[in-house]
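Structure first, commentary second.
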Number of protein chains: 2
Amino acid sequence: MSSPALHSAVLDALGRSITSGDVAPGTPLTLEAIGAEHGVSRTVAREVMRLLEGLGLVRSRRRVGIVVLPMESWNVLDPRVIRWRLEGPGRDRQLRTLTELRHAVEPLAAAGAARHASPETRDELVDLATKMRVLGEHGDLTEFLALDIRMHELVLRSSGNELFGALAGVVAAVLSGRTHLGLMPASPVPEALDQHEEVARAVAAGDPAAAEAAMAAIVGEVRRALTED
Amino acid sequence: MSSPALHSAVLDALGRSITSGDVAPGTPLTLEAIGAEHGVSRTVAREVMRLLEGLGLVRSRRRVGIVVLPMESWNVLDPRVIRWRLEGPGRDRQLRTLTELRHAVEPLAAAGAARHASPETRDELVDLATKMRVLGEHGDLTEFLALDIRMHELVLRSSGNELFGALAGVVAAVLSGRTHLGLMPASPVPEALDQHEEVARAVAAGDPAAAEAAMAAIVGEVRRALTED
DNA sequence: GACAGGCCATTGGTGACACCAATGACTTGC
DNA sequence: GCAAGTCATTGGTGTCACCAATGGCCTGTC
């Protein structure tokens, strides 16, 4: 708590209480109050406030103080905001919207990976898919999860589009959140294993269309399972 | 620029020089140097540094100073980072990756809008599309651009997914960047007008599949025009 | 030559200050 | 009684001086 943490602790606390709706939009804060509340000097309260302002959670105006902004102006794509929302009462909605974002992005990312991935990445993908089958059939969920995350991260990062790559972290959060929330079957369904193998095969073979289709199948099923519209 | 701007001016300057590659990754900075460079106190230099750290552009460590990070750790989805990159030498790449992101997201957003948009939004979309046809055929590019931006923003914001909505700003930047860079035909092609009308019609009719297809046609053509792979 | 220990540059954190803009109450005049 | 202008108060903005902590680097010893 002492060394690399004073700001982040206060920032996390404030960020969480805003994104959770605990402190309502329009609520005025003051640096004085923030400092006193968290036992911290005005200077660090100011720095925290700047960060929050950068995330679009608050807006600072002279004389009036720091006002909490409504969700429309939040930087909802920022990893910190996503994390806070995943930890708060908005978790379900956040999980749904993130899954929809995955549905949009991951197929294209897979197509990109089929075009741009390095030979080593292609090898690793194939390797991961076969390991996933082994672990999946033995039912070791946490090991399986690690491979799953690694695979999606690899695809996103090697898609040739850094904007896709920037989503690797939050996809990892979604995947791990899903299994820890018990939204996954006790043992991965065979179709999922097939599809992951197909993605790896298509990327390795440099077949963008097949990679895109296989990835679309993966996230399409996930989405269908999560959101019964 | 005058009153509410001291640290944001410095932030912009630093952010631009880092994202442009002007100061290379690994370069060490000190608060002292930043402050002196921009004629600003150490305190505001610290606040700027925190912001940059929050964007993943730098990492601050004791004794060693502030080191510039490589692009992999940037928050490339943050609007400020996107803006800086659009203004710098990375503009072409940024335009390409943003367009690819639009290609991924906007069709799904249109489908979402067909499900969730308010009656007023549906009306406004239809209205916008017809106005776009009129203006498009008369060739008023700047007026046309405003309507185009408004239409894409409406679709994204009413998609029922705030993560999509958060992209409205950068899509506007891409659209306006494209016309100002002369990447657009002098007069909008009739197909584009048809497709925009079709998106509006499908959303108004609550037909997600049709809305998705029409929007995919729009961004698909744009993408094909921009990136001859 | 490797390891241990200390030095010190540089960030982390605090408190106090002057400054200024916005606000809302207060005053003034009609 | 009401409207318009005035002005003190409030709270962010920016600066400064100071001390604490830490970790890279140098030095010295074995």
Side-chain angles (χ1 to χ4, degrees), chain A residues 1-18 23-70 73-75 80, chain B residues 1-18 23-70 73-75 80:
Chain A
M1 184 189 298
S2 55
S3 48
L6 225 170
H7 288 93
S8 354
V10 181
L11 178 67
D12 264 27
L14 264 299
R16 244 186 291 264
S17 59
I18 293 177
V23 355
T27 307
L29 307 172
T30 71
L31 291 176
E32 206 78 43
I34 293 176
E37 179 87 12
H38 300 82
V40 107
S41 76
R42 282 173 60 100
T43 309
V44 19
R46 271 170 55 169
E47 288 174 4
V48 168
M49 188 274 304
R50 285 262 194 271
L51 267 309
L52 291 175
E53 194 175 29
L55 295 176
L57 297 198
V58 304
R59 177 184 173 82
S60 154
R61 294 173 58 197
R62 282 192 172 172
R63 159 69 197 180
V64 66
I66 300 151
V67 294
V68 177
L69 297 179
S73 49
W74 298 352
N75 269 11
R80 282 162 299 189
Chain B
M1 186 188 300
S2 52
S3 45
L6 218 175
H7 70 272
S8 77
V10 180
L11 177 67
D12 263 28
L14 263 298
R16 245 185 290 266
S17 59
I18 293 177
V23 357
T27 307
L29 307 172
T30 73
L31 292 176
E32 210 76 44
I34 293 176
E37 178 86 12
H38 299 82
V40 108
S41 78
R42 190 166 165 266
T43 308
V44 21
R46 267 172 61 171
E47 288 176 3
V48 169
M49 187 275 303
R50 283 267 192 268
L51 266 311
L52 291 174
E53 195 175 29
L55 294 176
L57 298 197
V58 304
R59 178 182 172 83
S60 156
R61 295 172 58 196
R62 280 189 174 160
R63 162 73 197 185
V64 67
I66 299 150
V67 294
V68 178
L69 297 178
S73 48
W74 297 353
N75 268 12
R80 283 162 298 187

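Just so it is clear: chains get the letters A, B, ... in the order the sequence lines come, proteins before strands, and each one is counted from 1. All figures in this text were calculated on a predicted structure; none of them were measured in a lab.
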Look at R50(A) and dT13(D) and indicate whether a side-chain polar atom (N or O) is within less than 4.0 Å of OP1 or OP2. yes

Any sub-3.5 Å donor-acceptor pair from R80(A)'s side-chain atoms to D12(A)'s backbone N or O? no

Among the nucleotides dT15(D), dG12(C), dT11(C), whichever has the atom closest to the side chain of R46(B) is dG12(C)

Nearest to the side chain of S41(A), which nucleotide is it out of dT14(C), dC16(D), dC20(C)? dT14(C)

What pair of heavy atoms forms the shortest contact from M49(B) to V58(B), and how long is it? O-CG2, 4.0 Å

Please tell me which of the listed nucleotides, dT14(C), dG12(C), dG14(D), lies nearest to the side chain of V44(A)? dT14(C)

To the nearest Å, give me how far apart CG (L31(A)) and P (dT10(D)) are. 16 Å

Take the protein atom CD of E32(B) and the nucleotide atom P of dT15(D), then report the distance between them rounded to whole Å. 13 Å

Which whole-number value in Å describes the distance from L6(A) CG to dA21(D) P? 13 Å

Whole-Å gap separating P (dT15(D)) and NE2 (H38(B)): 13 Å

Would you call L69(B) and P25(B) a side-chain contact if the rule is heavy atoms closer than 4.5 Å? no

Charged N to carboxylate O under 4.0 angstrom, R42(A) versus E32(A)? yes

Phosphate contact (dG14(D) OP1 or OP2) by H7(B) side-chain N/O below 4.0 Å: yes

Check ion pair R46(B)-E47(A) (N to O, under 4.0 angstrom): yes

Within the 4.0 Å heavy-atom criterion, would you say L29(A) contacts the bases, only the backbone, or no part of the nucleic acid? sugar-phosphate

Let me know the distance between CG of L11(A) and C1' of dG12(C), rounded to the nearest Å. 16 Å

For atom CZ of R59(B) and atom P of dT22(D), their distance in whole Å: 15 Å

What is the separation between atom CZ on R62(A) and atom P on dA18(C), rounded to the nearest whole Å? 16 Å

How is V64(A) classified with respect to the nucleic acid when contacts are heavy atoms under 4.0 Å: base, sugar-phosphate, or nothing? nothing

Please evaluate the base of dG14(D) for a donor-acceptor partner in the side chain of R42(B) within a cut-off of under 3.5 Å? no

Taking atom C1' of dT15(D) as reference, at what distance in whole Å does atom CD1 of I34(B) sit? 17 Å

Strictly below 4.0 Å: does S60(A) bring a side-chain N or O up to OP1 or OP2 of dT13(D)? yes

Quick note, T43(A) side chain, CB onward, closest among dG13(C), dT14(C), dG24(D) is dT14(C)

Nearest to the side chain of R61(A), heavy atoms from C-beta on, is which of dG13(C), dT23(C), dT11(C)? dT23(C)

Classify the side chain of R63(B) versus the base of dT10(C) as yes if they form a donor-acceptor pair under 3.5 Å and no if they do not. no

